[in-house]
Structures are given as C-alpha cells and as structure tokens.
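Note that the coordinates shown come from a computational prediction; the quantities given were computed from them, not determined experimentally. In what follows, chains carry the letters A, B, and so on, assigned in the order in which the sequence lines appear, proteins first and then strands, with residues in each chain numbered from 1.
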There are 2 protein chains.
Amino acid sequence: MTRSPACKCAGLAPECISYRLGLCGRIDPATFQALSASAHFEDLPADRILWHDDHAPAFVGVVLSGILRFERSNSQGRRQVLNLLLPGEIFGVENELGAGYTIEAATDVRLCRFDAHVFDRLMPKDRRLRAEVYRQNVNRLERLRWLTWAIGALSPEERVAAFLVIGTDYMPVQPHPEGGCVLSVMLGRRDIADLLATTVESTCRILKSLERDGLIEMLDPRNIHIPDLAALAERGAIQRLGDRPSFPRIVRMARSARPLPLRELRAMMPINADGAPARAS
Amino acid sequence: MTRSPACKCAGLAPECISYRLGLCGRIDPATFQALSASAHFEDLPADRILWHDDHAPAFVGVVLSGILRFERSNSQGRRQVLNLLLPGEIFGVENELGAGYTIEAATDVRLCRFDAHVFDRLMPKDRRLRAEVYRQNVNRLERLRWLTWAIGALSPEERVAAFLVIGTDYMPVQPHPEGGCVLSVMLGRRDIADLLATTVESTCRILKSLERDGLIEMLDPRNIHIPDLAALAERGAIQRLGDRPSFPRIVRMARSARPLPLRELRAMMPINADGAPARAS
DNA sequence: CGTGCGCTTGACCTGAGTCAATCCTGGTGG
DNA sequence: CCACCAGGATTGACTCAGGTCAAGCGCACG
C-alpha cells in the first residue's frame with residue numbers, strides 16, 4: 001500500500017471524482033480546504049484488508065477508484081458482502097465498524113483518507129457536509145434494502161440476473177456491435193457469490209444457463225454481452241428498468257483521477273447500458 | 001382504524017413512550033409544541049395496510065405501541081420483511097417508500113401521526129430533531145445489516161435462535177420460576193418466517209428441534225421459556241451476548257400510553273431476559 | 001356447534017450446496 | 001521462447017436441507 005505525502009488536492013480537485021460528483025464538490029469550500037489539508041492518497045491491491053472487525057476506524061475515506069467490499073463472516077467462514085463501496089463514496093463515518101464488520105478491497109483501489117478528528121470537527125460546522133453524509137447513508141440503506149429483499153425473496157438465478165442489470169449502473173459498459181451492451185464485471189465470482197448469498201459454482205451455472213437462454217453471452221468470464229437489458233431485468237424481478245437501488249453511475253468516473261489500467265476490453269468511456277449516451281445527473 | 005381529534009399531547013406527554021424515550025422527548029420543546037399541535041392518535045388492527053407500494057407517504061408517524069412491519073413482496077407473492085418498527089420509532093421520514101415497499105401492522109398498533117409538512121418545516125430548524133432522525137436511521141441500517149448477514153450467512157435454525165435472543169430486547173419478557181425467562185413473541189409464525197426468509201413450516205420444525213435440544217420450551221405457541229439465553233445465543237451465532245443489533249428496549253414501554261390488552265401471559269412488567277431488573281439507558 | 005385461521009406434523013422432492021476433477025490464463029523462471 | 005505453476009473459473013456427480021403440498025389439530029369467534 002503506497003501512501004503519498006499529504007496532498008492539498010488543489011490542482012487535482014477538478015479531476016477528482018470526489019470533487020466532481022461526491023463529497024468534496026458538494027461541501028462548503030472552506031470545509032473542503034480544511035479537509036483536503038489532511039488528505040492522503042492510498043493505493044490498495046485487491047483483497048487487502050482495510051479494516052478488520054472491531055478495530056475502530058481511525059480515519060474517514062473516500063473511494064477514488066476501484067471497489068471496496070463491506071462484509072461480515074460467520075464462524076464457519078461463510079461470508080456475506082453487505083455493501084459495495086464505489087468511487088465517490090465515503091466510509092468510516094458513524095462507527096460502522098464494531099460488530100465484526102470488515103472492509104476489504106474487492107479490486108485494486110485508490111482512496112483518499114482524511115483525518116477522522118478533522119472530519120468530526122467539521123461535521124457540526126458545515127450543513128452541506130452533513131447533508132452529503134446523510135444522502136450517502138440514505139443510499140446505503142436503500143441498497144441494503146434491495147439486497148436483503150433479493151436474498152430473502154428471489155431465487156439465486158433472479159439475483160444474478162438483477163446483479164448484472166444493476167451492475168450496468170456502476171461497472172464499465174460498452175456498446176456491442178450487434179446491439180445491446182457489454183458489461184465488464186469488476187468482481188470475481190467469489191465476490192459475486194458472497195454478495196448474492198450463493199456459491200461460486202451456482203453463479204457459474206446460472207451464468208451458463210442465462211447464456212443458454214440467450215439473455216447474456218459471455219465473451220470471457222468478466223465481459224458479458226447483454227443483448228436486451230430489459231429482458232434480463234425481467235428475469236431479475238426488476239419491474240421497470242427504473243427501479244433499481246441507487247448506485248453512483250460509474251459513467252461519471254470516465255475520466256477519474258487515475259485511469260484504470262488499459263487492458264483488454266475495459267471500457268474507459270462507458271455509455272449507458274441501452275446504448276444511449278450516458279444520462280446526466 | 002379509529003382516529004382521535006387533534007391532540008396536544010400536553011397531559012399525556014410524560015406518559016407517552018415517544019416523549020419518554022423517543023423523538024418527542026429529545027427535541028427542542030418548541031419543536032415539540034409545534035409537532036404535537038398536528039398530532040393525531042391512530043389505532044390499527046393487525047394486518048391493516050398503512051402504506052402501500054409507491055403511494056407516497058403523506059405523514060410522519062411514531063409507533064406508540066405494537067409493531068409495524070416494513071416489507072416488500074416479489075411478483076409471486078413471496079414476501080420479505082425488512083424491518084420491524086417498534087414503539088418509539090419514527091417512520092415516513094425520507095421518502096422511504098417508492099419502490100414497492102409496504103408498511104403494515106404486524107400486531108394491533110397505536111401510533112401518533114404528524115403532518116408531513118409541519119415535520120419537514122421543523123427539520124431544518126431543530127438540530128436535535130435532525131439528530132434523532134439520524135440516530136434512528138443509523139439503528140435501522142445496523143439492524144438491516146444484521147438481517148442481511150443472517151439471511152445470507154446463517155442457517156434457518158441459527159436465524160430462529162438469534163431471533164429469539166434478540167427478541168428479548170424488544171418483546172415482553174418475564175422471569176420463569178425455574179430460571180431463565182419467558183419470551184412472549186408478539187409476531188405470528190408467518191411474520192417470523194418472512195422476516196427470517198424461511199417458511200412457516202420450517203419455523204415450526206426449528207422451534208420443535210430447539211425444544212428437543214432443551215434450548216427452549218414452548219409453553220404455548222407464543223410464549224417461549226428460554227432456560228439459558230447464552231446457550232441459545234450461541235446457537236444463533238451471537239458471540240457475546242452484547243453484540244446484537246440495536247432495538248429499543250421494550251422494557252421502557254412497561255407503562256406506555258396504552259397498556260396492551262391483558263390477556264394470558266403477556267408481560268406488563270418485563271424484566272431483563274437474564275432475570276435481572278431491566279437495565280437503564 | 002360449525003367455521004376459519006393459525007399452528008403443527010408428515011411425506012415428498014428438488015434446488016442449490018458440497019466435493020472433486022478439470023480447464024484456462026496469466027505470470028514466473030529457466 | 002517455452003515449461004511450469006497457481007489461482008480462478010468451470011463442469012460433473014452427489015446429497016440433503018429446507019421448501020412445497022397436503023392433512024390434521026385446536027382454539028376463538030360468531
């Protein structure tokens with residue numbers, strides 16, 4: 001884990017995802033100054049443990065790129081991923097750790113950490129900061145509600161289908177020459193399985209079966225062509241394409257602070273899943 | 001559903017659970033005055049639908065007695081209960097409805113409804129009001145995390161065991177002459193099953209099997225003797241008796257505004273599950 | 001005294017988890 | 001450049017936990 005010296009963000013700010021569409025850009029400029037004075041970048045390799053169990057969090061952070069997973073395991077090691085933390089999202093506010101929760105990097109991650117004390121001092125002062133933290137909490141709650149419902153009321157197949165549909169909101173998406181789109185799944189099978197409360201094997205089989213049904217086509221394990229998003233959504237018990245839990249649109253990440261390594265198909269300029277240019281707001 | 005004329009709460013306040021340990025007692029007195037001026041009592045019979053699906057909530061409410069269930073169903077009618085709303089808890093803030101969620105009475109319920117506009121006008125003015133709403137949101141998130149983890153990572157048996165243990169925090173509890181305590185489960189099997197993402201039949205069988213193992217004894221379907229709470233907790237994957245999601249302690253309800261009908265064993269003076277007098281705070 | 005509903009029990013069966021073998025790919029070192 | 005290796009992904013075979021379906025049971029209520 002590399003760690004840069006304190007960075008004032010000054011030059012970077014307009015490029016930074018947190019500034020462009022997250023915390024930093026929505027708070028009072030004075031708060032931003034104070035906060036950025038305590039900011040450090042930090043790069044984590046995939047699977048690095050960021051916080052473990054009841055180890056009280058010592059800092060507040062914002063994800064700049066990559067995905068963190070917020071999870072908890074039972075005694076036999078069965079793991080449940082409770083949330084994905086995406087670029088632009090804050091973590092470490094409200095002592096969300098404590099009861100055996102862990103935060104780990106699901107992919108390579110770059111994040112920005114702020115001093116917790118500085119953050120706590122700023123909270124009561126800036127109503128926009130509070131509003132942003134509140135907003136993100138509401139989103140979190142909404143996503144968790146969806147997940148709980150999905151695990152409790154949907155079949156594994158429906159959950160996987162829904163995961164792919166919802167994934168088009170926050171994972172890279174490219175148009176496909178023959179129509180539809182190609183979703184680049186940023187998570188390994190293990191993580192998908194643990195998020196959807198199923199197993200790696202079932203996930204594989206379900207993907208194959210969705211492929212047999214023509215709902216998807218696997219270009220390679222991580223790149224999935226979705227010819228008809230609406231059809232897949234229907235399989236995933238998503239009534240209208242509109243009602244999915246709110247994730248930040250990765251599309252806004254397109255030119256984030258640190259471009260992802262430019263391998264194979266990974267979309268650097270994602271468009272909307274339906275092939276239209278990315279929606280605003 | 002009976003509805004009283006507007007009630008100023010004046011005389012009732014000290015008796016009211018929301019005043020004694022919830023919203024009303026924690027906010028600025030001026031806010032309380034304004035809020036209570038728009039307050040109505042409302043009694044709902046069990047299973048009455050309070051809000052349905054995308055019907056935008058028109059009011060903010062506080063549960064005074066009984067339990068509401070916050071739920072969502074899939075297309076085949078499989079239902080998932082996502083949260084229980086207990087005496088003292090607020091609902092209707094932040095448009096939590098919208099995506100097919102429903103709020104229904106799980107038992108007979110008495111609640112206090114406030115005008116949503118009044119509430120929204122007060123929110124920006126009173127920091128203590130905001131703090132209380134925030135606090136309750138954090139609790140909600142925490143409970144939902146536990147539930148998601150439980151459904152995803154625990155077996156149905158573990159979930160039922162844990163449900164009973166956690167239930168001692170928010171459902172009536174009495175000491176048992178032979179030691180341990182008697183928990184009066186306020187929910188029907190159906191609700192328990194839908195909360196724990198299992199079926200009525202499995203719930204029954206699991207209860208029987210816990211009984212065979214001597215972990216519980218069913219006095220009648222709704223009154224369960226727990227000789228050793230810690231042993232049951234262990235079966236429910238609750239490590240230390242301390243780490244359960246935070247529910248309001250029903251013990252504080254003991255003399256709430258409207259006593260529950262005094263049938264059979266229902267404890268009017270619950271004590272702590274371990275037999276000690278109720279813990280403070 | 002019938003009816004209905006909630007709870008319980010039994011029989012059955014299948015979806016999905018477990019275990020194990022194989023494939024594939026990218027990375028490493030010779 | 002190639003052989004080898006490790007880890008992820010896939011596939012197959014097997015098993016059983018727990019869901020479904022179908023009956024009883026018993027209490028509350030009209």
Worksheet, complete the sentence: Rounded to whole Å, CG of A/D191 lies from P of D/dG7 at a distance of 16 Å
Worksheet entry | Electrostatic pair B/R48:B/E42 at N-O distance under 4.0 angstrom | no
Worksheet item: Which of the following nucleotides, C/dT18, C/dA16, D/dG18, is nearest to the side chain of A/S155?
Response: C/dA16
Worksheet item: Rounded to the Å, how far apart are A/I206 CD1 and D/dT11 P?
Response: 13 Å
Discussion item. Rounded to whole Å, please give me the gap between CD in A/E157 and P in C/dA16.
Written reply: 9 Å
Worksheet item: Between C/dC7 atom P and B/L207 atom CG, what is the distance in whole Å?
Response: 11 Å
Worksheet item: Of the nucleotides C/dG17, D/dG18, C/dT8, which one has an atom closest to the side chain of B/P221?
Response: C/dT8
Worksheet item: Which one, C/dA16, C/dT9, C/dA20, comes nearest to the side chain of A/E201?
Response: C/dA20
Worksheet item: Rounding to a whole Å, what distance do you find between B/R190:CZ and C/dT8:C1'?
Response: 16 Å
Discussion item. Any carboxylate oxygen within less than 4.0 angstrom of a Lys/Arg side-chain nitrogen, looking at B/D191 and B/R79?
Written reply: yes
Worksheet item: Any side-chain N or O of B/R78 under 4.0 Å from OP1/OP2 of D/dG19?
Response: no
Worksheet item: So, do A/D228 and A/L215 sit near enough that their side-chain heavy atoms are less than 4.5 Å apart?
Response: no
Worksheet item: Do side-chain atoms of B/R159 reach the backbone of B/A197 as a donor and acceptor pair under 3.5 angstrom?
Response: yes
Response to the item:
Side-chain contact check for A/K208: nearest option of D/dA9, D/dT11, D/dT20 is D/dT11
Item to complete: May I have the distance from B/M218 (atom CE) to C/dG6 (atom C1'), rounded to whole angstrom?
Response: 12 Å
Worksheet item: C/dG17 P sits how many Å from A/Q80 CD, rounded?
Response: 12 Å
Item to complete: Mind calculating the distance between CZ (A/R189) and P (D/dT11) to the nearest angstrom?
Response: 10 Å
Worksheet entry | Side-chain donor or acceptor of A/R145 paired with backbone N/O of A/P245 under 3.5 Å | no
Worksheet item: If you look at every strand shown and take non-hydrogen atoms under 4.0 Å, does B/T198 touch a base, only sugar-phosphate, or nothing?
Response: sugar-phosphate
Item to complete: Please figure out whether B/S202 or B/D47 has its closest DNA chain C nucleotide nearer the 5' end.
Response: B/D47
Worksheet item: Side chain of A/R205: nearest nucleotide among C/dT8, C/dT18, D/dT10?
Response: C/dT18
